Amino acid sequence: MNAVTTCKWIGLTLFSLINVIILEQFKLPAALMLGPMIAALTLASSGLKFRLNRRVFALAQGFVGMMIMEHLPTHAWQAFVHQWPIFLFGTLSTLLVSAIVSWYVAHAKRFPGSTAVWGISPGAASAMTLMSEGYGADMRIVAFMQYSRVVCCALATMFVARVAANATETGQPIIDWLALPLNLDILIKTLLILTGVYIGKRFALPGGALITPMVLGFVFNLIHPIPTPLPMTVLTLAYALLGWGIGFRFTKEVLRHVLHLLPIIFSSIFVLLTANVILAYIITLLVDVSFISAFLATSPGGVDSVAIISTSVNANVPFVMAMQLARFFAVMSLGPLIARWISMKYILH
């Protein structure tokens with residue numbers, strides 16, 4: 001690493017730290033991810049070149065997946081079984097709204113091929129981006145649309161949580177941030193994360209770097225409880241890496257490439273967020289759950305960013321993640337079929 005690269009990373013780190021401190025001062029949730037994300041986005045869009053190793057980014061997702069597992073009680077799936085109608089309603093409603101917006105944008109023929117469909121699909125951003133290339137989509141535009149929605153959803157959720165007065169203190173005592181406990185539980189979780197990330201990448205599983213460690217941890221926890229939580233120091237680094245990985249995608253070249261599409265991209269995101277608010281309100285009328293929990297559960301943002309935010313506010317994490325994961329697997333199953341149908345019906349003809 002040369003001197004220029006070192007200076008850039010030092011500058012990014014300091015900028016991220018300043019953002020985190022500012023967000024913490026206003027008691028806004030998920031500051032540890034949003035601060036670095038805003039810093040990376042700002043610097044990358046100004047023309048500075050940054051590159052985050054894919055394996056490092058995948059490992060950060062793995063730690064976030066294990067963190068999600070720590071917030072899931074062993075009886076989480078029982079709640080899912082008892083409330084399956086509301087999960088089905090939330091999942092299908094979000095997919096329906098996304099499909100309608102995709103159809104409208106694709107019908108306008110402003111995007112090449114099936115780009116609009118993949119760009120608006122509310123699944124894992126990285127998975128949607130990678131899958132889109134095989135269906136004639138422009139990966140650069142899909143990536144921009146997906147990660148723009150992730151950023152907008154994260155910021156919207158941050159402010160919704162604050163307005164709803166449900167945000168908890170995101171700051172941690174400094175002794176907790178510096179503590180690095182090393183015991184059998186932490187060792188087991190680390191091995192499960194490494195194994196899960198490897199399996200996810202080795203078999204190219206959609207969202208595998210995040211979901212596989214979470215599933216392995218959940219199953220292992222059923223057999224042999226591993227109660228010791230991951231150190232806050234490690235999670236802080238994972239959140240920062242995740243934020244940087246998202247922000248780095250907004251390069252000057254990509255922004256120039258999608259400049260003429262910005263109005264329709266952000267209009268579609270606004271429609272999705274508006275539908276998110278309406279669906280969340282309807283869900284609060286149907287079940288006994290807070291608005292912020294329902295909002296996070298139906299959020300069309302990334303599963304990983306939603307998970308981080310949901311654990312930093314007064315949200316029902318099992319409810320949020322159950323609906324997010326249900327939608328994720330539904331999109332993985334139905335996404336290619338929807339994309340192909342819309343492409344053939346409204347683009348190829």
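A quick note: this is a predicted structure, and the numbers were derived from the prediction, not measured. Positions are given from 1, in the same order as the sequence printed here.
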Close side-chain approach of Ile282 and Phe89, heavy atoms under 4.5 Å: yes
Heavy-atom closest pair, residues Ala116 and Val105: CB-CG1, 3.6 Å
Residue pairs passing the salt bridge (Lys or Arg N to Asp or Glu O under 4.0 Å) test where at least one lies in residues 258-280, sequence neighbours excluded: none
Considering all heavy atoms, the nearest Gly35-Asn19 contact: O-ND2, 3.2 Å
From Leu43 atom CG to Ile38 atom CD1, the distance as rounded to the nearest 0.5 Å: 12.0 Å
Thr115 versus Asp138, side-chain donor and acceptor atoms under 3.5 Å: no
Contact summary for Ser299 and Gln324, nearest pair of heavy atoms: O-NE2, 3.0 Å
Only distances under 3.5 Å count here; give the side-chain donor-acceptor pairs of residues 193-204 to other protein atoms, sequence neighbours excluded, each with its distance to 0.1 Å.
unit_1, atom_1, unit_2, atom_2, d
Thr195, OG1, Leu191, O, 2.8

Met158 side chain near Ile309 side chain, heavy-atom distance below 4.5 Å: no
Cluster companions of Phe270 among Ile, Leu, Val, Met, Phe, Trp, Tyr (side-chain spacing under 4.5 Å): none
Worked verdict on Ser16 versus Thr13 for side-chain hydrogen bond (donor to acceptor under 3.5 Å, both in side chains): CA-CA 5 Å; Ser16 300; Thr13 302; over 6 Å; no
Phe295-Tyr281 aromatic ring centre distance below 6.0 Å: no
Members sharing Ile100's hydrophobic cluster (side chains within less than 4.5 Å): Leu96
Derivation of the side-chain contact (heavy atoms from CB on, under 4.5 Å) call for Ser290 and Thr284: CA-CA 6 Å; Ser290 66; Thr284 60; over 6 Å; no
Heavy-atom side-chain proximity of Met323 to Thr91 below 4.5 angstrom: yes
Co-membership, hydrophobic cluster, residues Trp244 and Phe15, 4.5 Å side-chain: yes
Shared hydrophobic cluster, Phe329 / Ile86 (ILVMFWY, side-chain heavy atoms < 4.5 Å): yes
Pairwise distance CG(Leu12) to CZ(Phe50) - rounded to 0.5 angstrom: 5.0 Å
Euclidean distance, Ser148 OG relative to Ile269 CD1, rounded to 0.5 Å: 5.0 Å
Ser305 side chain near Met33 side chain, heavy-atom distance below 4.5 Å: yes
Closest contact, heavy atoms only, Leu255 versus Ser45: CD1-CB, 3.4 Å
Validation row: Pro36, Val20 side chains within 4.5 angstrom (heavy atoms): yes
Ile283 side, atom CD1; Ile278 side, atom CD1 - distance, nearest 0.5 Å: 12.5 Å
Within the 6.0 Å centroid threshold, strictly below: Phe250 and Tyr147: no
side-chain contact (heavy atoms from CB on, under 4.5 Å) evaluation trace for Phe328 with Met321: CA-CA 10 Å; Phe328 174 84; Met321 295 315 301; over 6 Å; no
side-chain contact (heavy atoms from CB on, under 4.5 Å) assessment of Ile246 paired with Val150: CA-CA 8 Å; Ile246 294 172; Val150 170; 4.0 Å; yes
Met37/Leu34 under side-chain contact (heavy atoms from CB on, under 4.5 Å): CA gap, chis, key distance, verdict: CA-CA 5 Å; Met37 182 182 72; Leu34 293 174; 3.4 Å; yes
Validation row: Thr298, Ser93 side chains within 4.5 angstrom (heavy atoms): no
Non-hydrogen side-chain atoms of Phe319 and Gln83 separated by less than 4.5 Å: yes
Sidechain-backbone polar pair: Arg249 side chain, Arg140 backbone, donor-acceptor under 3.5 Å: no
Separation of Lys49 NZ from Thr251 OG1 (nearest 0.5 Å): 6.0 Å
Test: Glu70 and Lys189 ion pair at under 4.0 Å: yes
Results of ring pair (Phe, Tyr, Trp, His ring centres under 6.0 Å) for Phe266 - residues two or more places apart only: none
Verify same cluster id: Val234, Ile186 (apolar side-chain graph, 4.5 Å): no
hydrophobic_cluster_shared for Ile18 and Tyr239, side chain cutoff 4.5 Å: yes
Closest non-hydrogen atom pair between Ala315 and Leu296, with its separation: CB-CD1, 3.9 Å
Just list the side-chain donor-acceptor pairs under 3.5 Å for residues 211-231, sequence neighbours left out, or say none.
unit_1, atom_1, unit_2, atom_2, d
Thr212, OG1, Gly208, O, 2.9
Asn221, OD1, Ile226, N, 2.8
Thr228, OG1, Asn183, ND2, 3.4
Thr228, OG1, Asp185, OD2, 2.9

Exercise: identify the closest heavy-atom pair between Val101 and Ser268: CG1-CB, 3.7 Å
Leu17 with Leu52, same ILVMFWY side-chain cluster at under 4.5 Å: no
Test item: Phe111 and Val142 side chains (from C-beta on) under 4.5 Å apart, heavy atoms: no
Ring center gap for Phe248 and Trp9 short of 6.0 angstrom: yes
Reported OG-to-CG distance for the pair Ser267 and Leu261, which is rounded to 0.5 angstrom: 11.5 Å
